[in-house]
Amino acid sequence: MKIKRREFLKNSFITGSGFMLSPKLSFLEDLKMQTKVKPVVISSANGLQATAKAMEMMLNGADALDACIAGVNIVEDDPNDMSVGYGGLPNEEGVVELDSCVMHGPSCRGAGVASLRNIKNPSKVARVIMERTDHVLMVGDGALRFAKAHGFMEENLLTEAARKEWLKWKENLSKEDDWLPEHKLEDKDIGENLKNYVRTTGTINCNAVDIFGNISGVTTTSGLAYKIPGRVGDSPILGAGLYVDNEVGAAGSTGRGEANLLNCSSVMIVEYMRQGKSPEQACLMACQRIVDHTKEARLLNDDKKPKFNVTFYAVNKRGEYGGAAIWSGAKYALNTGEKESVLKECAFLYRRVK
Ligand code: ASP
């Protein structure tokens with residue numbers, strides 16, 4: 001009877017090395033199947049396709065970093081995701097600036113790129129920085145020139161939809177400035193609708209354990225919408241928006257980058273897991289640390305809880321996974337070997353009251 005390759009791989013993870021080798025399989029395939037590690041990939045909720053792609057690649061023997069990057073490239077290329085790559089919301093001047101970083105567990109390497117303009121796949125640029133320089137972080141114009149030297153093509157990343165969103169924001173900032181939203185002749189107080197305007201944020205973080213038990217991760221984003229040009233969030237910073245230790249696990253984040261930068265949350269989550277905490281417990285501890293360290297009144301609601309949210313996603317060496325956020329309602333995308341990924345609820349510290 002012919003067993004489907006995917007099924008065969010899945011069963012072999014359960015039975016470990018005690019299975020009959022198929023005479024049709026190559027030495028490499030045999031070797032892959034002797035691992036006892038079941039692959040897993042977790043991402044932010046916008047990563048259903050990304051995690052499915054990454055899993056498909058890993059089941060065919062891909063390294064976790066190759067798989068994660070190929071997965072998030074789908075989101076970077078998607079004009080409809082306005083938080084990442086092409087179509088991402090721009091800075092306050094209407095220019096898209098992207099941030100990303102990658103970490104490769106088995107080689108203990110990583111790199112980030114920040115404030116990158118005109119290149120839609122910053123995750124790929126971060127990878128080239130990791131592999132083809134002695135640097136760990138590159139920014140702005142220098143990073144763009146470096147990317148072009150490696151054959152990346154420049155293109156306009158601002159879609160019409162993103163430009164219109166940005167213009168709506170700009171024209172509704174204040175009635176005291178000179179930017180006017182569409183209005184009728186008789187309208188007064190034009191341009192103060194911002195209080196009804198929700199400033200969009202978003203990012204994709206993706207972390208995986210491959211069939212060899214190796215761990216990697218990537219985070220990529222257009223960052224905080226309408227940021228001050230040059231603002232860099234947590235996403236390109238190793239330890240903040242992503243951290244991987246091949247002996248322990250990986251963690252990454254979405255949400256208010258400033259909170260993560262101040263708390264080095266991703267490296268903390270990996271360290272909490274090293275101390276024996278489950279991925280979910282570790283993510284919750286990072287949320288609590290942010291809450292404990294948020295003192296500025298402008299960032300707190302009447303109950304003295306943060307007004308903002310941060311969500312974490314983590315996997316450990318055993319293939320266990322979990323996500324947590326400060327506020328309820330967040331989800332993560334997960335794939336443990338299936339064709340389709342699923343969305344799961346994140347744990348949380350506080351329930352949002354509607
Ligand atoms: N963490 C990202 C940043 O601060 C934004 C986000 O995830 O919403 O740039």
Side-chain angles (χ1 to χ4, degrees), residues 42-47 50 68 72 75-76 78 80-85 87-92 95-103 112-117 122-123 125-126 137 139-140 143 157 162 165-166 169 197-207 217-243 250-269 283 286-287 289-290 293-294 296 299 306-314 323-327 329-333 346 348:
I42 186 171
S43 82
S44 40
N46 52 351
C68 287
V72 302
V75 185
E76 288 176 331
D78 179 1
N80 297 318
D81 190 314
M82 296 176 102
S83 68
V84 180
L89 288 170
N91 67 21
E92 68 175 17
V95 180
V96 180
E97 287 183 337
L98 305 179
D99 294 342
S100 179
C101 71
V102 298
M103 271 192 99
V113 63
S115 299
L116 181 68
R117 299 181 174 194
S123 60
V125 177
L137 184 60
V139 304
L157 303 181
E165 279 296 299
W166 163 75
W169 170 79
Y197 191 76
V198 180
R199 198 168 167 187
T200 325
T201 57
T203 293
I204 181 165
N205 162 248
C206 183
N207 310 308
V218 52
T219 302
T220 177
T221 189
S222 51
L224 184 67
Y226 324 132
K227 58 195 171 188
I228 299 175
R231 176 266 187 188
V232 173
D234 57 331
S235 306
I237 306 298
L238 305 182
L242 174 71
Y243 198 74
S253 60
T254 61
R256 183 178 158 80
E258 283 69 14
N260 280 334
L261 285 164
L262 287 170
N263 288 281
C264 298
S265 305
S266 292
V267 73
M268 290 306 299
I269 292 169
C283 291
C287 292
R289 185 175 146 94
I290 288 176
H293 291 176
T294 303
E296 290 180 85
L299 298 173
K307 282 182 186 164
F308 57 84
N309 206 6
V310 176
T311 309
F312 297 110
Y313 317 89
I326 297 176
W327 290 98
K331 293 195 162 92
Y332 60 90
C346 289
F348 56 87

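In each ligand, atom 1 is the first atom listed, and ligand 1 is the first ligand listed.
Only the side chain of R231 comes within 4.0 Å of ligand 1, judged by heavy-atom distances. Of the heavy atoms in S253, none comes closer than 4.0 Å to ligand 1. Of the heavy atoms in T254, both backbone and side-chain atoms come closer than 4.0 Å to ligand 1.
In summary, of the residues considered (N260, T203, T219), a side-chain hydrogen bond (donor to acceptor under 3.5 Å, both in side chains) with D234 occurs for N260 alone. Each of D81, N205, T254 was compared with N46 under the side-chain hydrogen bond (donor to acceptor under 3.5 Å, both in side chains) criterion, and only D81 meets it. In summary, of the residues considered (C101, S100, P236, S253), a side-chain contact (heavy atoms from CB on, under 4.5 Å) with L242 occurs for C101 alone. The one candidate from I204, T221, N80 that meets the side-chain contact (heavy atoms from CB on, under 4.5 Å) condition with V75 is I204.
Backbone and side-chain nitrogen or oxygen atoms of D99 are examined, and none is located within less than 3.5 angstrom of a nitrogen or oxygen of ligand 1. Here's the thing with G233: none of its N/O atoms is less than 3.5 angstrom from an N/O atom of ligand 1.
Remark: ligand 1 atoms within the under-4.0 Å shell around heavy atoms of L224 are 9 (O). Listed by number with element, the atoms of ligand 1 under 4.0 angstrom from any heavy atom of G223 are 9 (O). Ligand-side atoms of ligand 1 in range of G202: 5 (C), 6 (C), 7 (O), 8 (O), range being under 4.0 angstrom from any heavy atom. Residue S235 has at least one heavy-atom neighbour below 4.0 Å for each of these atoms of ligand 1: 1 (N), 2 (C).
No donor-acceptor pair under 3.5 Å is formed between the side chain of N263 and the backbone N or O of A286. Side chain of W327 to backbone of P306: a donor-acceptor contact under 3.5 angstrom is found.
Among all protein heavy atoms, the one lying closest to atom 6 (C) of ligand 1 is T203 OG1, 3.0 Å.
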- [ ] Check step by step if side-chain contact (heavy atoms from CB on, under 4.5 Å) holds for K307 and L299.
- [x] CA-CA 6 Å; K307 282 182 186 164; L299 298 173; 5.8 Å; no

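Here atom 3 (C) of ligand 1 lies nearest to D234 when heavy atoms of V232, D234, I204, T221 are compared.
Salt bridge absent: E258 and K227 never bring a charged side-chain N and a carboxylate O closer than 4.0 Å.
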